[in-house]
Number of protein chains: 2
Amino acid sequence: MAQALRPRPVPRVLLLSLLAVACWFLLRPLLDPAPPLPALHASLGLSILALLGALYLVPSLGPAFVHANLKGRDLLKTYDDPIPESLGLVCAALYILLLILFIPFAFSDFLNGQRNAAKKPREGLVINEFPHHQLSLYLSSLLSLLMATMLGFLDDVFDIRWRHKLPIPIIASIPLLMVYYSERGATDVVVPIPLRWLLGSLLNLGPLYYVYMSLLSTFCTNSINILAGINGSEVGQALVIALSVILNDLLYLPWPIGFRIPLHLLGRGREVDFGGVWSAGMAYGSAVLVERHLFSLYFMLPLVGVCAGFMYHNWYPARVFPGDTLCYVTGMAFAVVGIQAHFSKTLLLFFLPQIFNFVLSCPQLFGLVPCPRHRVPRFDAETGLLYPSTASFKEHAPSRLATVVLRVLAAPRFVRLTADPKTSEIAETTNLTILNAFLLRFGPMREDSLVKVLIATQVAGSVFAFVVRYGLAGLVYDGNRR
Amino acid sequence: MAQALRPRPVPRVLLLSLLAVACWFLLRPLLDPAPPLPALHASLGLSILALLGALYLVPSLGPAFVHANLKGRDLLKTYDDPIPESLGLVCAALYILLLILFIPFAFSDFLNGQRNAAKKPREGLVINEFPHHQLSLYLSSLLSLLMATMLGFLDDVFDIRWRHKLPIPIIASIPLLMVYYSERGATDVVVPIPLRWLLGSLLNLGPLYYVYMSLLSTFCTNSINILAGINGSEVGQALVIALSVILNDLLYLPWPIGFRIPLHLLGRGREVDFGGVWSAGMAYGSAVLVERHLFSLYFMLPLVGVCAGFMYHNWYPARVFPGDTLCYVTGMAFAVVGIQAHFSKTLLLFFLPQIFNFVLSCPQLFGLVPCPRHRVPRFDAETGLLYPSTASFKEHAPSRLATVVLRVLAAPRFVRLTADPKTSEIAETTNLTILNAFLLRFGPMREDSLVKVLIATQVAGSVFAFVVRYGLAGLVYDGNRR
């Protein structure tokens, strides 16, 4: 069945029309009058190029990957064709290259519109975009992304063992940490109101802050990497998280319109007004907050571009696989914006499904429950449906702790246990992943339905995250600065 | 003959003693009184770690490379054992990681000794090491090095065709160019005295300067890559060039001693005095020149470390091969210091053997003369000696241009031609490389003798370069600033 190998066609009209739009966005900052945020226009243009690049490069480079032995069988299909693996490398390379080409738009005086700043003072808050010293933060972020790409690709080539690759993202975060230290970045966190009697309102974490930053990189990277295995799952998660971050960033931009979030409808007796002429949204006129969220946008917009383009080819039935490279680079991109733009707690709220999956996986990851090589759902060729996959206690009976943990997880139907008829001990459990939990909850389903359920869950998680962030955070934090 | 696969042993006493020395150099900047150039101490310490890392990591990671199908046969040996290929990746990764770890030493106020600057004013020129804005130049250099590593490794994995990979270093130089542009780097060059009547004393090249910079990266990278093929050749060249650059940099440092170069012995009637208490050597008190050459030293010292460590294992008979990765990363490192520290013309003087080899190779590279897949000398298993390899005009007779070019090259015995006895046209020529030219000049020799000849030539080229730079440059340039 050679159909799986034939690349999904991309309509040519898309290329031409999108290319024209991208060029317009790239040229617009050069025209008078310059837009208020010229670099954002350029970023949008580059993001469209990212989309186009991924749409066209991924299928055309696929054969080279198969040739270089970077290929895999799709475990959840009836056919055996080799599918090009590690195509996330193409996405990562394209993404980083576009971010590098973006440097003059964001940081040079000529291109980012400051040539006009002296001539025409504008109404309201003046956005000088990045202060110049932010260039080193930007470059250190690029270094971390490139290292994550490199390490992800090495992982794909050398097939590093699971336990060995857990700390790899820490290495990739070293450039971030080094530059953060050299630039004397702040290492204090705002203390939640209920704890202030003990810790004061600002707590300086000192060296612990660096530990926190590298753990954040590790978590963002690995949590996407272990929620994987079905067509479109890795890139689907990344896409929803990136869009959520973008939506959050947009709240802090100086929109020329006023709007308000009607939080009183939630019964909180409080509304959040924002917007107004250049009042910089939720940033309440703080230029620093605007800069931070622009920084975040510049990283997230092209990421959405490459992810969307890649998803087109990775969607069920997948023509290409992402490899670990895609998980590494997207995870590191999220960590980078969370750290550099100082919204790591909000970022973690967008990772709710990943946190759930990680916590659920812990008994298998840390050896309490046997962990087979693949934990993806089991494909039944006759029905064409996916069923929960299982891990069995063949070697030895489950420990008392494992039994307790599994029984607790079985209560809300996160796992299904099979008892040994003789000893009545647990003989088998479904693998501890969110994908298997979905199959237990909603019954066997096709692979494309399962990935849709996953994406819907991710979206629901983000909606919940926004409610928590802007609805409930006021209970434990004052102001809206974090 | 499994002997070739057994890694060359590294004496344990070396590890322990060098580790102690490295720690001392890393700790010294923290002790009072701080040394005048604290970051240079740290750089020396990291360079020793680079040496140790390469000595130990290269042999221990070799099997993983063989396992991942990154291996090759040594064409110039009697045995067929697979030799791990692309181990330059280990060197490059180590090198870049150490350069990243160096950031706080060079750029943070606490570690680079400025904490003492206010307390005790020192005699003579005050070196504040890097101005803070140089951090972005440093980071862009790291980005270019990392991209060169990535692209070199992709080249090794995907085996990119020769003509396609020529422009690859241009991509790796993009971060350099972008940041140079954003930082509004100077784009003018000093005009040699004989041309000043026409061009003035400073010529602004504008966009052409960026073309020059990317061509320099391309040349440095590819010229090392094509002078390759025998054990130790790639890393040997890189080592000599790096040491030459270091020697040149040392001339510009503020030595606490006075010395002079007796140029009057060369009959030039002029001496160059330099040194003196903090008079900053050839920099004549220019803090900018000192900073630039420190920048260069920080990149070159660890490079010497990794190259020396790698050479130990790559020396005849080689236990590991460098792959394209090593050539890419060393070439890019030279381009980076040449560009960022503004001594690209001096740098090119250290590339004389590479320039000769490149010019000699041109007829084959550009299709005038047939170019076989490998141009390395031919190994004769009976005598154990290397003989010049040949390319024959089988397909069609040489064009008139090719005949003229080859006859010109044959006059100084750079090539040896074989005439067709019937037509008296050229039927065969030795391959147009400096290695074959050596074999023609000095007769067949063993592989280790040939690499020694190559290294000796490189050293002689550097001696000549210093004579030209500090003896003859005064004829066409005034001052010693370039």
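Keep in mind that the numbers below use all heavy atoms, side chains included, and drop hydrogens, waters and symmetry copies.
- Taking all atoms of both residues into account, the shortest heavy-atom contact from A/Leu139 to B/Ser140 is CD1-N, 4.1 Å.
- Interatomic distance, A/Tyr138 OH to B/Ser136 OG, rounded to the nearest 0.5 Å: 13.5 Å.
- Looking at B/Leu70, the atoms closer than 4.5 Å to chain A (heavy atoms on both sides) all sit in the side chain, from C-beta outward.
- For B/Phe65, the parts lying near chain A are the backbone and the side chain together; criterion is any non-hydrogen pair under 4.5 Å.
- Screening A/Leu142, A/Thr149, A/Leu143 for a side chain to side chain contact (heavy atoms under 4.5 Å, CB included) involving B/Leu146 leaves a single residue, A/Leu143.
- Within residues 89-98 of chain A, the residues that have a heavy atom under 4.5 Å from a heavy atom of chain B are A/Leu89, A/Leu97, listed by number.
- For a residue to count as touching a neighbouring chain, one of its non-hydrogen atoms must lie under 4.5 Å from one of that chain's; by this rule A/Leu154 touches chain B with the side chain only.
- By the 30° and 60° cut-offs, the orientation of the rings of B/Phe158 relative to A/Phe153 is parallel.
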Using the rule given for side-chain contact (heavy atoms from CB on, under 4.5 Å), can you reason through A/Ile100 versus B/Met147, listing the C-alpha separation, both sets of side-chain angles and the distance that settles it, and then say yes or no? CA-CA 11 Å; A/Ile100 290 172; B/Met147 286 184 80; 3.5 Å; yes
